[in-house]
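Since the structure is predicted, the reported quantities are computational estimates derived from the model, not experimental observations. Here is how names work: the chains are called A, B, and so on, in the same order as the sequence lines, proteins then strands, and each is numbered from 1.
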4 protein chains.
Amino acid sequence: MAPLNEEQLENIRNERKIQIMRAALKTFAENGIKLTKISLIAKEAGISHGLVYHYFKSKEEVLYESLEWAMELNETHEYLNELSKMSVSPLEKVRQFTKYALSSSKSENSHIFRVIQHLENTDGIPSHILDFTRNVGIMYVEFFIPIFIEGQEAGEFIQGDPEEIVGLFLTIISGVMADDPDFWHENMDRKIEIFMRMITTR
Amino acid sequence: MAPLNEEQLENIRNERKIQIMRAALKTFAENGIKLTKISLIAKEAGISHGLVYHYFKSKEEVLYESLEWAMELNETHEYLNELSKMSVSPLEKVRQFTKYALSSSKSENSHIFRVIQHLENTDGIPSHILDFTRNVGIMYVEFFIPIFIEGQEAGEFIQGDPEEIVGLFLTIISGVMADDPDFWHENMDRKIEIFMRMITTR
Amino acid sequence: MAPLNEEQLENIRNERKIQIMRAALKTFAENGIKLTKISLIAKEAGISHGLVYHYFKSKEEVLYESLEWAMELNETHEYLNELSKMSVSPLEKVRQFTKYALSSSKSENSHIFRVIQHLENTDGIPSHILDFTRNVGIMYVEFFIPIFIEGQEAGEFIQGDPEEIVGLFLTIISGVMADDPDFWHENMDRKIEIFMRMITTR
Amino acid sequence: MAPLNEEQLENIRNERKIQIMRAALKTFAENGIKLTKISLIAKEAGISHGLVYHYFKSKEEVLYESLEWAMELNETHEYLNELSKMSVSPLEKVRQFTKYALSSSKSENSHIFRVIQHLENTDGIPSHILDFTRNVGIMYVEFFIPIFIEGQEAGEFIQGDPEEIVGLFLTIISGVMADDPDFWHENMDRKIEIFMRMITTR
DNA sequence: TATGAATGAGGTTTCATTCAT
DNA sequence: CATGAATGAAACCTCATTCAT
C-alpha cells in the first residue's frame, strides 16, 4: 500500500501537536510547571508518553511551544482587537475586559494566564521563555495604557501614572484569575462592579 | 549528670518540633507542597534530614502539623484581636489590615497563607486538612463582617451584603498575596489606597 | 504498466538489502554495535527506519547479515588474491598489505574489521557469529603463513614460529586499526617502515 | 545512640567513593562510556544505584572523578618514577615499560588506559575531560622523549624525530592494550622482543 | 514496497523514607 | 536524640519495534 501522502501526514502531525499542546496547557495550568509530568500530559491527550517526544524534544519545548501556540490563537487577542474598535467608553471597555477575563477563568482560554503565573514563581525557567512571557504582560499593559489615558481625560478613571495604575489593575486580575475560578461565577456582575471601583471615579 | 526529667525532655522535643515546623512552613510557602524537599526543610531548620523523621511520620504529617501549629499561634490572630480593640474607624481598620497582609507577604507571618493557597491547587490533600484550612477562611470572613457592617452604617463602606463584600475583598487579597510579593513593596501606600477604593464610598 | 516479474522484484529486493547493509556496516563500524541506532542506519541508507524492518527482522539480524555479506564480497579477499599472485618479494607483499590495511582504515573496506573489533568487546553476541568472525582472523593468519615462511627462507623476515609471528603482526595491525585512523595518514610511509621493522631482518 | 563521629564518616565516605570509582573504571573500561549503565557500576560495587548519586552528581562526574583518582594513584606513575631512576640503558627502560604495560593490561591498573581509549572514540564528552586525558597522553610522550634521545645517542634506537617515534610507539602500545589482553600473556617475552624491534637498531 | 506515527521497555536522575551507628 | 548512608519508587527521555495507511 502506498504511504500516506504529504498532506495527510501534515494533518496528522498538526492535529497531534495541537492535541498535545492543548493537553499540556491544561496540565501545566492545573499543576504548575515542575509538577506536570509528561505522563500526565500524555494521558490527558490520550496518547503514550513516547509520542510526546516524537513531536517535542523535551518537556521544556512542550511548554514553550504550547505557550507560543496558545498566544497565537488566544481569543483574547481577537477580543482585544474588537474591544479597541468598539465605540464605547474606556470605562465600558475595561469593564468588558474584566468580565471576559474572569468569566473565562475556567475555560481553556485562561490556561495560558495561569501557566504564565506559574512560570514567574518557578525557578530554573530558561530565560528565553521568561522573556517571552514577560513580553506578553508588557503587551497587555501597553494595550490598556491609551485606554486608561482616554478614560482619565474623560474623567472616568482615577488620576495617576497610567502605567502604574494599569500594572496594578492587571496584576490584581491575574492574581485573582489564578485563584479559585468558581468564586467569580456567582453574582459576577455585582462583583465586577465592586472590582471596578478601584479605578473608577464617581 | 542527672538524666533530664520527663518534663525537660518534653520541652526539648517541643522545641525541636517547632524548629522544624517553622522551617517547614517557610519552605512550603516558598516552594509549594510537592516541590518542597525534606532535605530543604532540614537545611532550613539546621538539622539533618533524618531527624525530621523522628518527629514526624512523613512529609505529609510535617505539613499538617505545621499548619495546625501555625494556625494556633498565628500572630494574625493577635493582630486581629488588637485591631478589634483599636478605637479607629472601620475604614482605618481594614486599611491597616490590608497593609499588614500585603507587607507581611514576605515575612514568616504570611507563610501560612501561601501554604493554604498552595494546598487548594494541590491534588490528594486529605479532606480533614482542607476542611481545616477552609475554616480559616471562614474565620476571617466572620471577623470582618461586623466591622464592615459598622462601616456601612457609618457610611464609609459601600452598601450590599456584607458577607459577599467581605468574601470578595478577602479573595482578592489572598489572590494577590500569592502573587509576586515584591510588587507591593514599591509605593505600597498608594497601591493600597487604590485597592481600598473597591469598598469605600467617596 | 506490466507488473514486474519475479526476478525483477528479487533484484530490487536485493538492491535494497545491499543498500541497507552497506549503510549498516559503516554505521556499526563508526559507532559500535549497541550505540548504532536503526534510525542512523536508515538515514545513512536514505530510507525510512520502518523499511529496515521489511528486510530484516531486527537490528541483530541487520548486523549478522551485513557481516556475512561483507565477508563474501570483501575486496580484501580480492586484494589478497592479487597479492599472492604478485611477483614481488614476501617483504614487499607484507609491506603492501600493511599499507593497504592502514590506509583503508577509514574507507568502506575497513568497516568490517572495525565491526569485528567491536563484536569482540560486546556481550551477548550469539556464538555462531563469533565463530564466524574468528574464522576470518584464522583465514588471514593462514594466508600469511606461507608468505612469512618464504620470507624467512629468503632471509627477509626474522626467524621463529611463523604462526606466532603472523599472529602477533596481525593482532597489532588490528589493534592499531581500531585506533584513531587519522593518526596513520600523516607520514604514512615512514610510520609503516618503522612498523615493519618488527618482523624484518636488517 | 550517638551518631558516628566525623572520622568514621569520613572513612565510610572515602571507602564508598573508592569502591564506586574502582567499579566504575572497570565497567567503563569493559563497556565504553555510553554503554556503561549506572546500574552496572552499582552492581559491580555491590550497592544500590541511588547511592552512586549520593556520592557523585552524575554519570559524567563518576567518570571524571574516577579518571582523576586513577591517575593519582596509578602505579604507573610510580613505576615511571622508578624507571627514570634506574641505572639501566634506555633500551632496557623501554623494554621494561612495554612489559609492564602489556602485562598489566588485564589488571585494574590498565582500566584507565582503556577508558581513555574509549573517550577518544566517543562523541559528546565534555572538553574538560578530554583536555584532562589528552594531558595524560602528552605526559607520557614527554616522559619518554629524553629516554629516546639518550637511546638514539647511544645508538640503541633508530634515528628520527623523537617525538614522532615516541608518539608512534605509544599509539601502538595503547591500541594493542585495548585489544584482547589475553593474547599477550603467552610467550610474553618473545612477543615483546619482536615488538621492540620496531624502534631498536642492531 | 514504503512511510512515519505510535508504543513501551529500559536507562538516568531525584528524593522520600529507613536504619545502622 | 541525632546523623547521614543506603534503598527504591517514580520521573524524564531514548530508541527498537510494530502497524495503519
Side-chain angles (χ1 to χ4, degrees), chain A residues 1-6 8-13 15-17 34-42 46-62, chain B residues 4 9 12-13 16 34-42 47-60 62, chain C residues 4 9 12-13 16 34-42 47-60 62, chain D residues 1-6 8-13 15-17 34-42 46-62:
Chain A
M1 242 174 287
L4 297 174
N5 67 37
E6 193 51 38
Q8 290 171 305
L9 282 175
E10 190 62 22
N11 282 343
I12 292 180
R13 268 202 295 272
E15 213 172 285
R16 279 283 175 279
K17 279 195 85 161
K34 280 264 174 64
L35 290 182
T36 290
K37 308 162 211 167
I38 285 289
S39 62
L40 257 187
I41 294 178
I47 58 172
S48 73
H49 71 269
L51 193 55
V52 175
Y53 288 95
H54 195 64
Y55 291 100
F56 302 90
K57 263 202 345 266
S58 64
K59 183 173 154 179
E60 198 183 274
E61 199 183 286
V62 175
Chain B
L4 298 174
L9 280 175
I12 291 178
R13 195 172 168 80
R16 272 284 192 249
K34 283 266 173 60
L35 291 181
T36 290
K37 307 165 207 170
I38 284 288
S39 62
L40 260 186
I41 295 178
I47 58 170
S48 73
H49 65 268
L51 192 54
V52 175
Y53 286 90
H54 266 278
Y55 293 98
F56 302 92
K57 244 184 28 239
S58 66
K59 185 174 149 178
E60 259 198 353
V62 176
Chain C
L4 299 174
L9 279 175
I12 290 178
R13 195 173 167 80
R16 273 283 191 249
K34 283 265 172 65
L35 290 182
T36 289
K37 306 165 208 171
I38 284 288
S39 62
L40 259 186
I41 295 177
I47 58 170
S48 73
H49 64 268
L51 193 54
V52 175
Y53 286 88
H54 266 280
Y55 293 99
F56 302 91
K57 247 188 22 244
S58 65
K59 183 174 152 179
E60 259 198 352
V62 175
Chain D
M1 240 172 288
L4 297 173
N5 67 37
E6 193 51 38
Q8 289 171 305
L9 283 176
E10 190 62 22
N11 282 344
I12 292 180
R13 268 202 296 272
E15 212 171 286
R16 278 285 175 276
K17 279 197 84 160
K34 279 264 174 64
L35 290 182
T36 290
K37 309 163 211 166
I38 286 289
S39 62
L40 257 186
I41 295 178
I47 57 173
S48 74
H49 69 269
L51 193 55
V52 176
Y53 287 93
H54 195 65
Y55 291 99
F56 302 91
K57 261 202 346 265
S58 64
K59 184 173 154 180
E60 198 182 271
E61 197 182 288
V62 175

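- Partners of Lys37(B) under the salt bridge (Lys or Arg N to Asp or Glu O under 4.0 Å) rule, at least two apart in sequence or in another chain, do not exist in this structure.
- Here dT21(F) presents its C1' atom at 9 Å from CG of Leu9(A), a figure rounded to the nearest Å.
- Across the protein-nucleic acid pair, Ile38(C) atom CD1 and dT18(F) atom P stand 11 Å apart, rounded to whole Å.
- Within the 4.0 Å cut-off from OP1 or OP2 of dT18(F), not a single side-chain nitrogen or oxygen of Tyr53(C) is found.
- If you measure from atom CD1 of Ile47(A) to atom P of dG8(E), you get 12 Å, rounded to the nearest angstrom.
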Every protein N/O within reach of nucleotides 8-10 of chain F N/O, cut-off under 3.5 Å:
| residue | atom | partner | partner atom | Å |
| --- | --- | --- | --- | --- |
| dA9(F) | N6 | His49(D) | NE2 | 2.9 |

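- Minimum heavy-atom separation, Arg13(B) to His54(B): NH2-O, 3.6 Å.
- Atom pair Ile41(C):CD1 and dT17(F):P shows a separation of 10 Å (rounding to whole Å applied).
- The Tyr55(D) side chain lies nearest to dA5(F) when the options are dT17(E), dA5(F), dA6(E).
- A close approach under 4.0 Å does not occur between any side-chain nitrogen or oxygen of His54(C) and OP1 or OP2 of dA2(E).
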Next on the checklist: Could you write out DNA chain F as dot-bracket? Rules: Watson-Crick or G-U wobble, both distances under 3.5 Å, brackets [ ] for crossings, | for pairs with another strand, dot for unpaired.
Outcome noted: .||||||||||||||||||||

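- Of the side-chain N and O atoms in Arg16(D), none sit less than 4.0 angstrom from OP1 or OP2 of dG4(F).
- Taking atom CZ of Phe56(D) as the reference point, atom P of dT12(E) lies 15 Å away to the nearest angstrom.
- For the pair Arg13(B) and dC1(F), the criterion of a side-chain N or O lying under 4.0 Å from OP1 or OP2 is met.
- In this structure, the separation between CD1 on Ile47(C) and CD1 on Ile41(C) is 9.5 Å, given to the nearest 0.5 Å.
- The distance from atom CD of Gln8(A) to atom P of dC19(F) is 21 Å, rounded to the nearest whole Å.
- What you find for Tyr55(D) and Glu61(D) is that their closest heavy atoms are O-OE2, 4.2 Å.
- Each of Lys34(C) and Val52(B) was matched to the nucleotide of DNA chain F holding its nearest heavy atom; the match closer to the 5' end belongs to Val52(B).
- When the nearest nucleotides of DNA chain F are assigned to Lys57(C) and Leu35(A) by heavy-atom distance, the more 5′-ward of the two goes with Leu35(A).
- For the pair Leu40(C) CG and dA16(F) C1', the computed distance is 13 Å after rounding to whole Å.
- Nearest approach of Lys34(B) to Lys59(B), heavy atoms of both residues: O-NZ, 3.2 Å.
- Across Ser39(B) and His49(B), no two heavy atoms sit closer than the pair CA-CB, 4.3 Å.
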